[in-house]
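Here's the structure we're looking at; comments come further down.
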Amino acid sequence: MQRRKTLTQYLIEQQRENNTIPADLRLLIEVVARACKAISYHVSKGALGGVLGSAGSENVQGEVQKKLDVISNEILLEANEWGGNLAAMASEELEEIHPIPSTYPKGEYLLLFDPLDGSSNIDVNVSIGTIFSVLRSPDGADTTAQSFLQPGSKQVAAGYAIYGPQTVLVLTTGNGVNCFTLDREMGSWVLTQPDMRIPEDTAEYAINASNARHWYPPVTRYIDELVAGKDGPRQKNFNMRWIAAMVTDVHRILCRGGIFMYPADKRDPSKPGKLRLMYEANPMAFLVEQAGGKATNGTERILDIQPQQIHERVAVFLGSKNEVERVTGYHADSNAG
Ligand code: F6P
Ligand code: MN
């Protein structure tokens, strides 16, 4: 019988043999993974668990919270509060940071998460997921919101779970990207796709094309060329996919390549894109780069951006290296006039 590696075994190997992660980071990741198992359980119950529908509240972004947004947020907060390895947490669903209560021991890490990405998919039984990012706190016991404002290149771990036909956990600690599938009978995460790599070239792209009339010229130029296919300057046909959950669109790209875009557009200059830098774009950019891909905001590497606020938004172009370089180049051409 073929024995596959579990997440626990993988993490212990990283700690002991490869020396790429310290023990406290390993334990923190185990706690996040355990919380994702609990979220997966609630998501899978759907209407039977009474978890579908709206919670009747709004989050800090002005988005209507679904019951499962709230449940997932609570599961992550509760599981990680007593783990002993965190100084504080930040969540898409919370306006302020969540310091570890004084009743629990504190650690040196900061955890950021989008508890349930792709909320519009919840009630229609389409894949959704949890995205997380781990930073080290530079301020120990005096951790404040300011302590979180570090560029994505400082992340020590990042990943996501997808609650779809299978529940998977995709993780990087800065030493490649690995995908684990949840074995529900065993209760363990099993390594099923080691060392995920994104091909440099692709014929698949993801963008919400209903926003086309609002795009800036470099995005319009790039998409027009893709749509023109074999008859246009690219001389090849491209296919489009849009799941409307970043986590699942990025997972497809990690599995078979592609480019994902959520550009800034002309609608509201105060909103540079829709996605949040610190708990959506940064963890995904870390994973994508670790798998050989690229991630920019059109002009700058996402991981180099110095955040000003925990909930700030950013334009995102990520995935197969040659396509991200091309669309980033079109922004440079446009800026150069
Ligand atoms: O978290 C925001 C998000 O739900 C992403 O997961 C997804 O890629 C995007 O918004 C979908 O946006 P739209 O509603 O424009 O399709
Ligand atoms: Mn999200």
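Order of appearance sets the numbers: ligands from 1, and atoms from 1 within every ligand. Hydrogens, waters and symmetry mates are skipped; everything else that's a heavy atom, side chains included, is used.
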- Item | atom 15 (O) of ligand 1 - nearest protein heavy atom and its distance | Y262 OH, 2.5 Å
- Task: If a pair satisfies ring-ring contact (aromatic ring centres under 6.0 Å, His included) and one of its residues is in residues 318-337, list it, with sequence neighbours excluded.
- Result: F317-H331
- Numbering as shown, the atoms of ligand 1 that approach D117 to under 4.0 Å (heavy-atom distance): 1 (O), 5 (C), 6 (O)
- Query: So does K66 pair up with E93, basic N to acidic O under 4.0 Å?
  - Reply: no
- Give the atoms of ligand 1, by number and element, whose distance to some non-hydrogen atom of L275 is under 4.0 Å. 2 (C), 5 (C)
- Under 4.0 Å from a heavy atom of G118: give me the atoms of ligand 1 that qualify, with their elements. 4 (O), 6 (O)
- Query: Within a radius of less than 6.0 Å around NZ of K230, do more than 12 heavy atoms belonging to other residues, nucleotides or ligands occur?
  - Reply: no
- Task: Report the nearest protein non-hydrogen atom to atom 16 (O) of ligand 1: residue, atom name, distance rounded to 0.1 Å.
- Result: W242 NE1, 3.0 Å
- Item | For N208, atoms of ligand 1 separated by under 4.0 Å from a heavy atom | 13 (P), 15 (O), 16 (O)
- Everything protein-side that's N, O or S and under 2.8 Å from the Mn ion (ligand 2): list it, residue and atom. D114 OD2, D117 OD1, E280 OE2
- Is there a heavy atom in E92 that sits closer than 4.0 Å to ligand 1? no
- Would you say the side chain of E92 lies within less than 4.5 Å of the side chain of N59, judging by non-hydrogen atoms? yes
- Query: In terms of the angle between their ring planes, are W242 and Y262 parallel, tilted or perpendicular, with boundaries placed at 30° and 60°?
  - Reply: tilted
- Message: Regarding atom 11 (C) of ligand 1: of the candidates E63, K274, M261, E280, which has the closest heavy atom?
- Response: K274
- Item | CE-CG distance between M284 and L275, expressed to the nearest 0.5 angstrom | 9.5 Å
- Who's the nearest protein heavy-atom neighbour of atom 5 (C) of ligand 1, and how far? M246 N, 3.5 Å
- Sequence neighbours excluded - ring-ring contact (aromatic ring centres under 6.0 Å, His included) pairs with any residue from residues 177-201: Y10-F180
- Proximity of D249 to ligand 1 by residue part, where a heavy atom lies under 4.0 Å: neither
- Item | Numbered atoms of ligand 1 (with element) below 4.0 Å of R276, judged on heavy atoms | 1 (O), 2 (C)
- Keeping to residues at least two apart or across chains, list the ring-ring contact (aromatic ring centres under 6.0 Å, His included) pairs with something in residues 126-178. Y160-H251
- Stepwise, does the side-chain hydrogen bond (donor to acceptor under 3.5 Å, both in side chains) test hold for N322 with D201? CA-CA 6 Å; N322 292 335; D201 288 300; 2.9 Å; yes
- Query: Side chains of E225 and Q235: does their closest heavy-atom pair fall under 4.5 Å?
  - Reply: no
- Item | Exceeds 12 heavy-atom contacts within 6.0 angstrom, atom NZ of K37 | yes
